[in-house]
There are 2 protein chains.
Amino acid sequence: MPELAVSTVIFTLRPDETGAMQLWLPAVKRIRSPFDGMWALPGGPLSEEEDLIAAASRTLLETTGLKPRYLEQLYAFGSLERSPGGRVVSIVYWALVAQNEIADAYECENVSWFAADNLPNLAFDHNLIVEYALSRLRNKMEYSRIAHGFLGDTFTMAQLREVYEAVLGRALDPGNFRREMESSGDLVATGERLIGTKHRPPQLYKYDTSVDLTDQGALPTFSEHSANSIKREKTA
Amino acid sequence: MPELAVSTVIFTLRPDETGAMQLWLPAVKRIRSPFDGMWALPGGPLSEEEDLIAAASRTLLETTGLKPRYLEQLYAFGSLERSPGGRVVSIVYWALVAQNEIADAYECENVSWFAADNLPNLAFDHNLIVEYALSRLRNKMEYSRIAHGFLGDTFTMAQLREVYEAVLGRALDPGNFRREMESSGDLVATGERLIGTKHRPPQLYKYDTSVDLTDQGALPTFSEHSANSIKREKTA
DNA sequence: GAATCTAAAAGTCAGTTAGACTCTAACTCT
DNA sequence: AGAGTTAGAGTCTAACTGACTTTTAGATTC
């Protein structure tokens, strides 16, 4: 029988040297064959008495110390050539963490973070998997509220826009972005303002319903398609 | 280790008593424990030297005689409670067949077709899986050209609209539907007309590029998001 | 403490689109 | 020949999108 494993592509946003937000993800150094010494996605074999998502959550915690706020199944990869040693079918999850939640994550010689657009050669078909996770993230960004997963409980409109811009890879018009977000009904103004900026203090917002963003249970969320969409804008 | 299986939810459209198109799907009678005698989705164990999609395709053919034109991975189901006998992780695919392609499909006491909205109690969590496949089908209908999978090589605008109406479960305005389809650039008029109708003979169309709709390889198609969308219309 | 800088937040405008609807064309059936 | 039917073209309006302008409210500078 093929071996069954779970892996997770987990994204966070952090500023690069220029201060622009970029997608980063952790990889784990392999310590055995095949691909010994190469970087790979965090993961591990599925345990006997464990749901798929529980396995993803556990292996992610064990290998990187991370507990994502958003975790969703991505795809099952099972082509014959993907593992030289022996047949492995991997159920891959993808996840988001806020930058302020990875403080206690491991950062040692066996775990390292890479910019998503500047990855090394990863073990197995993991580069391909990251590509697919990225396309899913970008796509989902346009019709859901997963941006939440990158942010703290409260955030300014500019911070939210920064997330969208970083993930979609293009600038968005601040006024139009605000209009769309406000009309979506997903945001609630807290009444508080962020002080200490060198300009007019911005309103702090939070997401209205305290929907649990974690994809609990094996069952995917059904009605994921909302009218809210961020499309191309030409403002460069 | 958990057992690994593949199953497929395969849809077709056929007219009900009133002539309205409805979604139907085949189920296979189980001949062993657990759920002996109950209807279940076609599928079977993954073979040692076989890609996931190849396994889906093979088990579907073996159990029902069907060769779908469209086959895509749906989800990996792996919760602990889903199979009473022993742990089974199922990688589920979903598929479409045109009605005229199921002529040579088995129709015996062990394979039976059911209306998707009037299913019996299926084995395992298969009712849940069908629900999810339905939601995926409806969603994908709005931004892709999978309607193709239900139709022959050429079709009239009314036939195409009938597919959309049946899947989405609501009437669409013929004029607006035509406008949207024509502006999408996906259709090509063949120049031929369908004769023998009791009214003005309609133009026959086909899909422009001969894109292979079968999801070959383990890798899902990446850029699946097109601008073309069929949304709610109030015409009852 | 007034002028200046910055980004927040509100508002404007034109081009595009979606939905509801009307009208004519082209065939078959009686 | 006239009635029935759907094809297919076209019209109208409200809503939406993207680009842009103006005003507001703080911090910083002089």
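Labels below follow one simple rule: chain letters A, B, ... track the order of the sequence lines, proteins then strands, and each chain is numbered from 1.
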Which letter, B, S or -, goes with each nucleotide of nucleotides 2-13 of chain D from 5' to 3', with contact meaning a protein heavy atom under 4.0 Å?
--BBBBSS-B--
Between [N] atom [atom2] and [X] atom [atom1], what is the distance in whole Å?
X: A/Leu194; N: C/dA8; atom1: CG; atom2: P; answer: 10 Å
X: A/Phe177; N: D/dC20; atom1: CZ; atom2: C1'; answer: 19 Å
X: B/Ile195; N: C/dC27; atom1: CD1; atom2: C1'; answer: 11 Å

Per side chain to side chain contact (heavy atoms under 4.5 Å, CB included), B/Val167 is matched among B/Lys140, B/Arg138, B/Gln22, B/Glu142 by B/Arg138
For B/Glu162 and B/Tyr164, does a side-chain donor sit closer than 3.5 Å to a side-chain acceptor?
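Absent: no donor and acceptor within the cut-off.
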Describe, in one word, how the ring planes of A/His148 and A/Phe155 are oriented to each other, choosing from parallel (under 30°), tilted (30 to 60°) and perpendicular (over 60°).
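Ring orientation of A/His148 relative to A/Phe155: tilted.
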Assess the residue pair B/Leu23 and B/Asp117 against the criterion (side-chain contact (heavy atoms from CB on, under 4.5 Å)); give the C-alpha distance rounded to whole Å, side-chain angles, the decisive distance to 0.1 Å, and a yes or no.
CA-CA 8 Å; B/Leu23 285 167; B/Asp117 57 4; over 6 Å; no
Centres of the A/Trp94 and A/Tyr132 rings: under 6.0 Å?
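When the ring centroids of A/Trp94 and A/Tyr132 are compared, they turn out to be at least 6.0 Å apart.
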